[in-house]
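Residue numbers count from 1 along this sequence. As the structure is a prediction and not an experimental result, all values here were calculated from the model.
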Amino acid sequence: MNNLPFWPLLAALLVGAAQAAPVTLTPTAQARAGVPAGMLVPAPQQSSFPAGTLPLAGLGLRVVGSAPELGWAARDLRAEWQARLGQSLPDASGTGVAVTVGTLADPALAAKVKAAGLSASGPEGYALWVEAGGAYVVGADARGAYAGAQTLRQLLTPGGLRFAHVSDRPGLSTRVAMIYLDGYSQGVNDRLIPMLAALKYNAVLVMSNYVQWDTARAGGFAHPGGATKAEARRVADLARSYGLEPIPLVETLGHAGWMFYGGKNLDLVQDPDSKDPYAYDTLNPATYSRVVVPILKEVVETFRPKVVHIGHDEVRNRDRFPARANGKAVGFEKLFVDDVLRLHGELKALNVGTMMWHDVAFSDAVIATLPAQLPRDIQVAYWNYIPGTGSALLGQIKGLGFPVLGASWADPGNAEAVAKGSVQAGAAGMIQTRWTGYFGNPSIWDGAANQGVAYVRGAAAFWNPAAPTLAGAEGLYRDLYQPTAYRAQTGQLADLTPLVTRPLTDDDGKGWILKGPDTDLRGLPRGTTRAGAYTFAVSGAVMLRGSRAAAKELPERVTVDLGRKADALAFLHTTGWPAALNREVVGRYEIEYADGRRVTQPLEYGRHIRAWTDTEATSMIPAPGWSGKTRDGLAVAVPVLEWTNPRPEAVIKSVTLVSEGKGANPTLLGLTLIGEGK
């Protein structure tokens with residue numbers, strides 16, 4: 001035993017016992033505080049940042065002009081001041097330094113843009129500058145002023161507005177983000193819509209299949225999980241108030257399970273043998289008279305859109321199509337074309353345009369014949385979700401005479417590549433799609449958060465396709481969806497040294513996860529360490545037992561004695577290895593109060609904790625903490641879980657970390673108490 005290295009020796013001594021130790025608590029003024037990103041997203045076309053900051057004291061807001069977009073700009077700037085600083089942004093006084101927002105329509109502002117050596121040109125273009133004399137946002141048009149206000153928000157720091165000189169305009173004119181309507185719509189979309197506006201999107205594609213249309217309610221196929229018509233109208237109005245034009249998406253021809261919900265309309269199914277009806281029968285007049293046309297009319301009445309997306313993708317992916325004898329006699333191509341023409345005609349009669357996906361109408365099998373039969377005013381959305389693949393078809397579709405937009409999904413590099421392809425093809429714009437399930441709205445925060453992160457990457461690529469690839473999109477998404485105040489919160493840093501079971505380094509193959517110096521956590525700074533919005537005292541790893549051989553001899557639980565009050569606890573934690581299953585419970589925190597009461601915080605893998613090598617966040621419950629690379633170049637990250645204390649008035653006696661002994665073994669690296677508790 002005496003020949004064992006220090007850390008394995010310590011671990012061996014701890015095995016099987018519930019270890020407990022008081023820890024030293026050091027006061028900090030920065031237990032939690034949001035940190036300005038320090039970069040502008042999307043990146044402007046031209047920008048420079050002279051040294052200096054415009055102080056906040058005495059600063060007021062002056063709006064020059066009466067366009068609604070200028071009012072939106074004022075609203076968003078005031079909301080930023082309140083969320084970040086807990087302060088109001090008052091109207092400017094007659095003589096004080098001001099934030100001025102207006103357009104080139106005002107001759108005085110146009111002259112100031114010229115004098116500043118900047119330019120504001122083209123739709124949504126703007127000039128922005130911050131200097132000792134004040135801050136100015138001047139749009140080429142009112143939409144440009146609104147876009148510029150989103151940039152100015154990002155220059156706000158606790159000490160003032162960073163000096164900047166910006167000339168900017170979008171690289172792609174149409175920038176669409178996809179959102180959903182379901183029973184959870186209000187709680188999610190009320191956060192998403194302002195966030196998407198801040199990212200300079202100017203339209204939203206609204207998945208609307210399961211809205212409880214009057215037609216669906218009367219026919220008995222309205223899904224109880226769908227949003228109400230009133231909610232659909234509210235979301236459309238909210239989107240417009242943030243400069244986002246709503247484009248309702250009702251999937252037709254294929255993906256039409258919504259019209260068969262509850263076993264209804266089965267006489268309209270394309271494939272009578274289908275166990276899960278997917279496509280409708282285009283040769284049955286009741287398909288249109290009973291369901292599709294009345295719902296399209298309700299969609300137009302509810303959203304008042306300029307264009308409706310009718311889907312028409314993956315039509316033959318599941319059911320036989322055609323399946324009925326009369327359909328086989330007609331043939332798929334004519335069935336498809338006639339359906340598109342019918343829906344296009346119905347929408348055109350309502351003064352509304354048509355949008356559809358590209359994959360069926362422009363597939364290799366039919367591209368030589370089918371597109372020629374379609375009206376050239378149909379907007380075609382070309383989706384390509386595989387990073388690094390070509391997008392030549394974008395140009396081909398445009399060459400056939402159709403307005404075309406690119407569409408990307410969640411993988412890093414996808415939005416960036418397709419946006420560049422859209423520019424090369426002369427496309428109208430881009431759509432950032434999202435596929436989180438018809439009733440999965442909350443998953444954009446918890447469960448499919450990587451698709452929310454993709455909103456940020458997409459926004460950066462669509463506004464400025466030539467800009468370098470964006471880094472730090474995860475943290476930006478979390479901070480835009482749920483802004484963290486810049487006001488610092490005091491607290492206490494816990495020194496976990498008495499409980500450490502493994503070092504962060506592994507120089508001899510017997511530390512960290514026993515993989516050697518090229519695969520350890522040496523990049524994480526020791527001592528007082530900033531991790532995202534939080535501060536920790538880091539000395540080593542309180543690593544617990546797991547099923548892998550390298551972790552079997554570690555303790556199964558460790559208790560940190562505190563004896564303090566706190567508003568919240570922040571855990572800088574990870575696991576040594578990934579879990580076999582997402583949301584598998586791999587451990588828990590047991591919080592015991594001085595009066596004997598206990599609260600348990602489970603640790604579900606991917607939801608509350610994840611391996612240091614697992615860098616794609618599917619949940620935003622943990623906040624981004626520290627990220628870096630191993631010595632051999634592997635990207636690694638350690639998130640922060642903030643636990644809100646339901647009893648801030650009570651003394652927390654201790655916190656116990658317990659491992660379930662599975663493949664993903666909980667490992668605590670830092671613990672910080674947030675709040676003034678004593």
Residues 102-117 side chain polar contacts: donor-acceptor under 3.5 Å, at least two apart:
from : atom 1 : to   : atom 2 : distance (Å)
T103 : OG1    : A105 : N      : 3.2
D106 : OD2    : A108 : N      : 3.2
D106 : OD2    : L109 : N      : 3.0

Please output the side-chain donor-acceptor pairs of residues 400-413 that fall under 3.5 Å, not counting sequence neighbours, one pair per line with the distance.
from : atom 1 : to   : atom 2 : distance (Å)
S408 : OG     : Q432 : OE1    : 2.9
W409 : NE1    : Q451 : OE1    : 2.9

Let me have the donor-acceptor pairs involving side chains of residues 347-361, under 3.5 Å, with sequence neighbours excluded, atom names and distances please.
from : atom 1 : to   : atom 2 : distance (Å)
H358 : ND1    : W383 : N      : 3.2
D359 : OD1    : W383 : NE1    : 3.0
D359 : OD2    : E314 : N      : 2.9

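A donor-acceptor pair under 3.5 Å is formed between the side chain of S167 and the backbone N or O of S119. S208 places a side-chain N or O within 3.5 Å of a backbone atom of V206 that can act as its donor or acceptor partner. Between the T252 side chain and the I310 main chain, a donor and an acceptor come within less than 3.5 Å of each other. Between the side chain of Y455 and the main chain of M178, a donor-acceptor pair closer than 3.5 Å is present. No donor-acceptor pair under 3.5 Å is formed between the side chain of Y126 and the backbone N or O of A149. Using a distance-only test at 3.5 Å, with no hydrogens or angles considered, a donor-acceptor pair links the side chain of N441 to the main chain of Y180.
Side-chain N/O atoms of D446 and S619 include a donor and acceptor closer than 3.5 Å. For the residue pair K200 / T151, a side-chain donor-acceptor distance below 3.5 Å is found, with atom types taken as modelled.
Under the side chain to side chain contact (heavy atoms under 4.5 Å, CB included) criterion, P44 pairs with L40, S47, V166, D168, sequence neighbours left out. In terms of the salt bridge (charged side-chain N to carboxylate O under 4.0 Å, His left out) criterion, residue partners of R240 (sequence neighbours excluded) are, by chain and number, E245. Under the ring pair (Phe, Tyr, Trp, His ring centres under 6.0 Å) criterion, W258 pairs with no residue at all, not counting sequence neighbours. By the salt bridge (charged side-chain N to carboxylate O under 4.0 Å, His left out) test, R478 is found to be paired with no residue, residues two or more places apart in sequence or in another chain being considered. For H165, there are no ring pair (Phe, Tyr, Trp, His ring centres under 6.0 Å) partners at least two apart in sequence or on another chain. Qualifying salt bridge (charged side-chain N to carboxylate O under 4.0 Å, His left out) partners for D237, counting only residues two or more places apart in sequence or in other chains: R304.
Note on D190 versus R234: salt bridge recorded, some NZ/NE/NH1/NH2 to OD/OE distance being below 4.0 Å. A salt bridge between E301 and R233 is present, with a side-chain N of the basic residue lying under 4.0 Å from a carboxylate O of the acidic one.
Counting only residues at least two apart or on different chains, no ring-ring contact (aromatic ring centres under 6.0 Å, His included) pair has a member in residues 87-121. Among pairs with a residue in residues 152-163, those fulfilling side chain to side chain donor-acceptor pair (under 3.5 Å) read E80-R153, Q150-R153, at least two apart in sequence or across chains. Residue pairs meeting the ring-ring contact (aromatic ring centres under 6.0 Å, His included) criterion with at least one partner in residues 70-123, sequence neighbours excluded, are W72-Y146.
Other residues, nucleotides and ligands contribute over 12 non-hydrogen atoms within 6.0 Å of the NZ atom of K420. Other residues, nucleotides and ligands contribute at most 12 non-hydrogen atoms within 6.0 Å of the OH atom of Y184.
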